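For clarity, every value in this text was computed on a predicted model and none was experimentally measured.
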Amino acid sequence: MHLRVALTSVAAMLFLLVSLIKAGPTSARDNGLLDVTCSPPSSDNAVYSPPLTLTPQMVAVNSSFQLGPCVSLSTPALTSGTAVAVIPPRLRNCLDLLDAGTSTRTISWNTGATSTLSMNRTTTTVGALLVNTYTGTVTSGLFAGDTVLMTVTSPATDITLCTLGLGTVPSVFGVVTLEITAV
């Protein structure tokens with residue numbers, strides 16, 4: 001009886017592992033071997049100081065990524081990662097959140113390795129959600145040369161109200177999916 005329960009648990013975990021590896025847009029997997037994938041509850045929390053308004057003002061940004069669970073066939077011990085970005089004050093307003101742009105993030109993995117990602121961002125609003133899609137490459141560290149596809153999905157209510165001049169945006173919290181794929 002205990003052996004059957006143990007085998008069922010192992011089979012369920014393998015199914016979950018395969019499902020996580022297969023999850024996400026097929027375009028990233030079609031280009032090569034999926035080196036790592038991180039899925040929700042992975043998150044990004046950007047805090048604006050002072051809060052963004054419709055009127056441009058000097059605003060600093062503190063962004064914190066918490067990645068996990070992560071699965072990597074090439075580096076099985078890799079299960080999570082973090083990245084922090086402190087961006088100095090510059091003129092910003094809430095309309096900036098709807099613009100395309102570039103981003104560099106250095107992820108510190110639970111294994112002690114790091115990966116520096118250089119990415120381009122496109123932004124769309126889908127219903128009440130803000131969807132930021134990042135594409136680029138790992139420029140150094142673990143998985144150097146691989147392609148990156150990351151999606152951050154956040155509620156858009158505060159942003160929409162701010163763009164109408166009816167509120168501020170003190171922070172934006174979003175769920176993250178990350179795929180790093182060998183080319």
Item to complete: Begin with the C-alpha distance, continue with both residues' side-chain angles, and end with the deciding distance and a verdict on side chain to side chain donor-acceptor pair (under 3.5 Å) for N120 and T135.
Response: CA-CA 5 Å; N120 295 308; T135 56; 5.0 Å; no
Response to the item:
For T137 and V148, the nearest pair of non-hydrogen atoms, with its separation, is C-CG2, 3.8 Å
Worksheet entry | Residue pair I107 / F65, side-chain heavy-atom distance below 4.5 Å | no
Item to complete: Identify the heavy atoms of N132 and T123 that sit nearest to each other, and give their distance.
Response: OD1-OG1, 2.6 Å
Discussion item. Looking at every non-hydrogen atom in both residues, tell me the closest pair between M58 and P50 and how far apart they are.
Written reply: O-CD, 3.3 Å
Discussion item. Please evaluate residues Y48 and T168 with respect to the criterion side chain to side chain contact (heavy atoms under 4.5 Å, CB included), reporting the C-alpha separation (whole Å), side-chain torsions for both, the decisive distance (0.1 Å), and the verdict.
Written reply: CA-CA 10 Å; Y48 304 98; T168 64; over 6 Å; no
Worksheet entry | Distance-only donor-acceptor check, side chains S108 and T114, under 3.5 Å | no
Worksheet item: If every non-hydrogen atom of C38 is compared with every non-hydrogen atom of L67, which pair is closest and at what distance?
Response: SG-CB, 4.1 Å
Worksheet, complete the sentence: Heavy atoms of D96 and L91 approach each other most closely as OD2-O, 4.1 Å
Practice prompt. Specify the closest pair of heavy atoms between V59 and R92, including all atoms of both residues, with the distance to one decimal.
Written response: O-NE, 2.8 Å
Discussion item. Rounded at 0.5 Å granularity, tell me how far OG1 in T153 sits from CG in D44.
Written reply: 11.0 Å
Discussion item. Pair T116, T106 - check side chain to side chain donor-acceptor pair (under 3.5 Å), show working.
Written reply: CA-CA 4 Å; T116 300; T106 299; 3.1 Å; yes
